[in-house]
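Numbers here simply count residues along the sequence, with the first being 1. Atoms within a ligand are numbered from 1 in the order they appear, just like the ligands themselves.
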Amino acid sequence: MTTRPLLVIILAAGKGTRMRSARPKVLHEIAGRSMLGHVVASATELGASAIAVVIGPDMDDVRREALRWAPAASIFVQEAQAGTGDAVRAAGPAIAAHDGDVLVLYADTPLITVATLGRMRERLAQGADIVVLGFRAADPTGYGRLITQESGILVAIREHNDASPAERAIEFCNSGVLAFRGQNLSGLLASLDNRNAKGEFYLTDTVAIGRARNLTAVALACEESEVLGINNRVQLAEAEALCQHRLRERAMLGGVTMRDPASVYLAFDTRFGQDVTIEPNVVFGPGVEVGERVTVRAHSHLEGVRIGDGAQVGPFARLRPGTVLAAGARIGNFVEVKAAEIGEGAKVNHLSYIGDASVGAKANVGAGTITCNYDGYFKHRTEIGSGAFIGSNSALVAPVRIGVDAYIGSGSVVTRDVADGDLALTRATQDVRPGWATRFRERMARIKAERDARRDGRKGGGGDEHH
Ligand code: UD1
Ligand code: MG
């Protein structure tokens with residue numbers, strides 16, 4: 001069966017006042033990506049040949065976010081929120097220019113799967129003119145009810161406010177996702193009116209209008225969790241939990257061991273090789289790619305990082321954007337790394353900050369080493385050669401280069417380059433005074449004893465003690 005070219009129209013004009021946020025609702029994030037980003041990415045993955053996003057006035061940041069995920073998308077502004085039908089009409093030029101099927105998605109319903117959308121497309125290819133995605137609602141209040149005949153044939157969608165008591169008893173609800181055989185859509189939209197409880201142009205009225213024109217509408221069902229619409233931050237957290245559950249499951253089925261999956265937070269794009277182990281309480285921000293046989297130990301935070309095979313991270317490590325760990329590298333506890341390449345088998349095991357740096361293969365960076373990369377105005381780079389040994393508690397003041405196999409004495413503040421194979425140390429020479437400590441202790445003990453004796457003498461002689 002061949003599916004026709006697909007235009008996806010994404011409705012994102014709602015302000016989302018119930019989020020109580022300065023940010024438009026659809027820019028709030030789930031697993032490190034905006035809701036809008038999730039929906040646009042699904043449209044792309046579905047193979048859409050065109051994407052149109054309908055936004056409200058003054059939503060430039062929403063426009064930018066849509067274009068970030070689909071640079072070729074066309075953006076339409078719906079001037080006033082006059083209903084879902086009016087919103088789709090706003091994308092009229094895209095519909096007119098398109099020859100094929102049209103799918104309407106909501107930007108605030110981000111968990112819809114590409115598999116489900118694919119099923120809708122197939123129903124169109126099998127001959128349906130309109131396909132509506134429905135679900136059995138635990139609580140149908142507020143949703144449009146799907147009024148069906150035998151075998152999924154859809155007669156009408158009745159909005160909650162317009163429904164009779166008998167219709168309100170129907171639990172099969174409209175998810176809001178509708179698909180159309182495109183050639184009919186412009187005509188259907190032209191026939192919408194706003195004579196209803198809300199005074200809006202309902203996209204859902206296309207079903208009854210289509211039926212009167214002998215078009216076939218059908219309803220498909222999916223799980224309620226897939227069409228969870230987000231209106232407030234409680235629902236945002238629910239969607240996050242569902243999304244995390246999916247991402248963890250996919251990771252584990254792909255060969256990742258998680259001792260406590262519920263405490264591991266993934267991003268939409270986290271990628272893992274086989275036989276990775278993630279200990280509890282690890283957070284992945286966007287842009288992390290993990291190689292094979294990597295262990296990420298408890299309480300680590302990673303974002304924008306590439307990790308080579310067999311590397312070890314944490315516990316309590318923070319890897320920030322631009323970090324690249326080569327195979328077998330080790331980052332230990334309380335180490336922060338930013339915009340730095342750590343070479344094969346190199347070790348930064350304790351209490352360090354490595355930023356804007358490169359650390360050569362097999363180098364050993366001692367406890368408490370700091371790359372001083374910022375002078376208050378500019379960032380500078382530190383280069384540490386392969387096999388170099390940086391003694392504990394050293395400060396490497398960038399820009400600076402430590403040569404191959406060089407040594408830095410502990411506690412040094414290195415401000416100039418160190419050549420290959422050299423030792424550099426900047427601390428003061430150790431001054432030793434033989435027997436000084438013993439003599440000091442003896443003298444102090446004697447003075448203290450003499451004072452105590454004098455005080456006791458005074459107490460015994462007088463009679464005027466005060467408390
Ligand atoms: C809509 C459906 C209802 C369905 C429910 C599922 C209609 C008439 N009703 O109702 O059958 O059960 O969704 O959640 O379609 N939007 C615009 N411009 C507008 C109006 C809405 O862009 O003028 C966008 C909103 O931002 C939102 C989506 O369309 O993303 C749905 O709008 P909303 O007002 O939430 O519709 P519901 O009343 O929930
Ligand atoms: Mg709604």
Who's the nearest protein heavy-atom neighbour of [atom], and how far?
atom                    : result
atom 35 (O) of ligand 1 : Asp108 OD2, 5.0 Å
atom 14 (O) of ligand 1 : Tyr143 CE2, 3.8 Å
atom 1 (C) of ligand 1  : Tyr106 OH, 3.3 Å
atom 26 (O) of ligand 1 : Gly14 N, 3.0 Å
atom 20 (C) of ligand 1 : Gly83 C, 3.6 Å
atom 24 (C) of ligand 1 : Leu11 CB, 3.9 Å
atom 10 (O) of ligand 1 : Glu159 OE1, 3.9 Å

Hey, does [X] come in under 3.5 Å of ligand 1, counting only N/O atoms on both sides?
X      : answer
Ala107 : no
Ile157 : no
Gly144 : yes
Ala80  : no

_Closest candidate by heavy atom, reference atom 18 (N) of ligand 1, pool Gln78, Met35, Lys25_ =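 Heavy atom nearest to atom 18 (N) of ligand 1 belongs to Gln78.
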*Which one of Leu203, Val88, Val53, Thr84 has a non-hydrogen atom at the shortest distance from atom 16 (N) of ligand 1?*
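Ranked by closest heavy atom to atom 16 (N) of ligand 1, first place is Thr84.
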*Indicate whether atom 39 (O) of ligand 1 is within a distance of less than 4.0 angstrom of some protein heavy atom.*
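Under 4.0 Å from atom 39 (O) of ligand 1, zero protein heavy atoms found.
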_Parallel, tilted or perpendicular, as decided by the 30° and 60° cut-offs, for the rings of Trp69 and Phe268_ =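 Perpendicular, since the angle between the ring planes exceeds 60°.
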*Should you measure from each heavy atom of Tyr202, which atoms of ligand 1 turn up under 4.0 Å away?*
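Selected atoms, number and element: 8 (C).
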